[in-house]
Amino acid sequence: MTSTTRRGALLGAPALLAAAGMRSAKAQAWPGRQVRIVVGFAAGGANDIMARLIAGKLGERIPGTAFVVENRPGAGTLLAAEHVARAAPDGATFLYASTSTLITLLVNRGSGLDPVRDFAAVTMAQSSPLLMVSRPDFPARTLPELLALARQRPVTVSHPGTGGINHLAMALLMQRTGVEFTLVPYNGNQPSLTALVRGDIDVAHDSFFATKGLLANNSIRPIAVTSAQPSAVMPAVPTVATTVPGYEVLFWGGLMAPRAVPEPILDRMAAEVDAVLHLPDVMERVRSFGADPVGLGRAQYAKTIAEDWARWGTVVREIGLKGD
């Protein structure tokens, strides 16, 4: 190193140290003001309930800071994702993302958003399997019987909307088995399940959260769950993987942030949320709607996001699904 270069480096060192000190002080001072958790769905759904549960507990853990949930529904969570991606990377704005968020970005490539490139993973909050259900009088009681029936005659399967996780889970099942079903999209969980109970549809593909009331009064009957292992909520219901080895579809939800949020803030938020998820009353609440509290931490959550981005990207391309 020349004397001129060394002198320049020494002159620049105080500025670099000062900048690093400012970043460290800002991270240590976090949150210090209102923190928003943006949800891409209307109030009242599973994602909204989970975000509000976390926000309330974070407010108790960090006195003096208000954690608020902001609902920005629209375009299959795209509006919320775009809003958070453009937000200042100061730790004041987070996205309650889900598997649906990834699929929306895959289908709407025109947005230019990439969950791996444009967001920072914080932690996964919950994970739950999907559920295949039928009317009590439907002749196929198991997945093997359902596949055999669908090979003989058309079987209709409703789901809460084109491009959602329930739709792609069925597309993946058809790809893996070579069995064709007639998929019928509805505008939401309730219309889809109402059509099933009314007899318009043979089978519905939905979540435990949406179906638990109908299951409780025996209006519908479970056929299979999409987790690799039996669900703790429905241990007697067989998994799809029992019939289709390696098949697993989980609907997860968790926190993401704008990419440039400082690492110490991301680490703090991940640690606080993970602690919340291990509170007994939170665990009980999450499990009450058929999900498991997770709290994977940043690295494992980022890995899950990247794997699901690749897997669902393949399914979306193979079925030729595109946004409006």
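Quick caveat: nothing in here was measured; it's all calculated off a predicted structure. Below, all heavy atoms of this structure are taken into account, side chains as well, without hydrogens, waters or symmetry copies.
Under the 4.5 Å side-chain heavy-atom criterion for Ile, Leu, Val, Met, Phe, Trp and Tyr, I220 and V155 are members of distinct hydrophobic clusters. In the hydrophobic clustering of this structure, L95 groups with L296; members are Ile, Leu, Val, Met, Phe, Trp, Tyr whose side-chain heavy atoms approach within less than 4.5 Å, directly or through other members. By the rule that hydrophobic residues join a cluster once side-chain heavy atoms approach within less than 4.5 Å of another member, L143 and M174 end up as members of one cluster. Linking Ile, Leu, Val, Met, Phe, Trp and Tyr whenever their side-chain heavy atoms come within less than 4.5 Å leaves I103 and Y186 in two separate clusters. Linking ILVMFWY side-chain heavy atoms closer than 4.5 Å, directly or via other members, places F41 and F94 in a single hydrophobic cluster.
We find the CG-OG distance between L105 and S111 to be 5.0 Å, quoted to the nearest 0.5 Å. Going from atom CZ of F119 over to atom CG of L113 covers 5.0 Å, rounded to the nearest 0.5 Å. Remark: L255 CG to L266 CG distance equals 10.5 Å, nearest 0.5 Å. To the nearest 0.5 angstrom, W30 atom CH2 is 7.0 Å from I265 atom CD1. Rounding to the nearest 0.5 angstrom, the gap separating the OG1 atom in T77 from the OH atom in Y96 is 12.5 Å. Atoms OG and NE2, on S192 and H205 in that order, are 10.5 Å from each other to the nearest 0.5 Å.
Inter-residue side-chain proximity for L168 and V316 is flagged as met; some heavy-atom pair is nearer than 4.5 Å. V68 has its side chain out of reach of V35: every pair of non-hydrogen atoms, C-beta onward, lies at least 4.5 Å apart. In this structure, W252 and L102 have side chains that are in contact, with non-hydrogen atoms separated by less than 4.5 Å. L215 places a side-chain heavy atom less than 4.5 Å from the side chain of P222. Residues V84 and M256 form no side-chain contact, since every pair of their non-hydrogen atoms from C-beta on lies 4.5 Å or further apart. Looking only at side-chain heavy atoms (C-beta outward), R135 and V203 stay at 4.5 Å or farther from each other. By the 4.5 Å heavy-atom criterion applied to side chains, F181 and L146 are counted as neighbours. The shortest distance between side-chain heavy atoms of R72 and E70 falls below 4.5 Å.
Shown here for T101 and A97, the closest heavy-atom pair between the two residues is OG1-CA, 3.6 Å. The two residues A140 and I223 have their closest heavy-atom pair at O-CD1, 4.2 Å. The two residues F67 and P31 have their closest heavy-atom pair at CZ-CG, 4.2 Å. Of all non-hydrogen atoms in G40 and A80, the two that sit nearest each other are CA-CB, 3.5 Å. Across all non-hydrogen atoms, the minimal contact from L193 to A204 is CD2-CB, 3.9 Å. In terms of heavy atoms, P258 sits closest to A120 at O-CB, 4.1 Å.
Between H159 and H167, the gap from one ring centroid to the other is short of 6.0 Å.
The environment of R259 atom CZ is dense: over 12 non-hydrogen atoms of other residues, nucleotides or ligands sit within 6.0 angstrom. More than 12 heavy atoms of other residues, nucleotides or ligands shown are found within 6.0 angstrom of CG on D137.
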*Any chance you could lay out the side-chain contact (heavy atoms from CB on, under 4.5 Å) test for V240 and L173, step after step, and finish with the verdict?*
CA-CA 9 Å; V240 175; L173 180 64; 3.9 Å; yes
*Would E82 and L78 satisfy side-chain contact (heavy atoms from CB on, under 4.5 Å), going step by step from the backbone distance to the final call?*
CA-CA 6 Å; E82 289 178 331; L78 181 60; 3.9 Å; yes
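Proximity of a side-chain donor or acceptor of T314 to a complementary backbone N or O of A310 within less than 3.5 Å is detected. Remark: the backbone N or O of A210 is paired with a side-chain donor or acceptor of S207 at under 3.5 angstrom. For the pair T226 (side chain) and V249 (backbone), a donor-acceptor distance under 3.5 Å is present. Of the possible polar contacts, none joining the N108 side chain to the G110 backbone as a donor-acceptor pair under 3.5 Å is found. T99 places no side-chain N or O within donor-acceptor distance of the main-chain N or O of F251, the cut-off being under 3.5 Å. Between the side chain of R221 and the main chain of P136, a donor-acceptor pair closer than 3.5 Å is present. A donor-acceptor contact shorter than 3.5 Å is absent between the side chain of R287 and the backbone of A232.
Ion pairing between E263 and R298 holds under the 4.0 Å rule for side-chain N and carboxylate O. Checked for salt-bridge contact, R311 and E307 miss the test: no charged N lies under 4.0 Å from a carboxylate O.
Using modelled atom types, one finds a donor on one side chain and an acceptor on the other under 3.5 Å when comparing D202 with T156. Side chain to side chain, T239 and T242 meet the donor-acceptor criterion of an N or O pair below 3.5 Å. Residues R52 and N71 have side chains that bring a donor and an acceptor to within less than 3.5 angstrom of each other.
A side chain to side chain donor-acceptor pair (under 3.5 Å) with N189 is found for one member of N166, T194, T211, D206 and no other, namely D206.
Applying the salt bridge (Lys or Arg N to Asp or Glu O under 4.0 Å) test to E60 and every residue at least two apart in sequence or in another chain returns K57. Residues forming a side chain to side chain contact (heavy atoms under 4.5 Å, CB included) with Q229 (at least two apart in sequence, or on another chain): none.
Sequence neighbours left out, the pairs with a member in residues 273-296 that pass ring pair (Phe, Tyr, Trp, His ring centres under 6.0 Å) are F209-F289.
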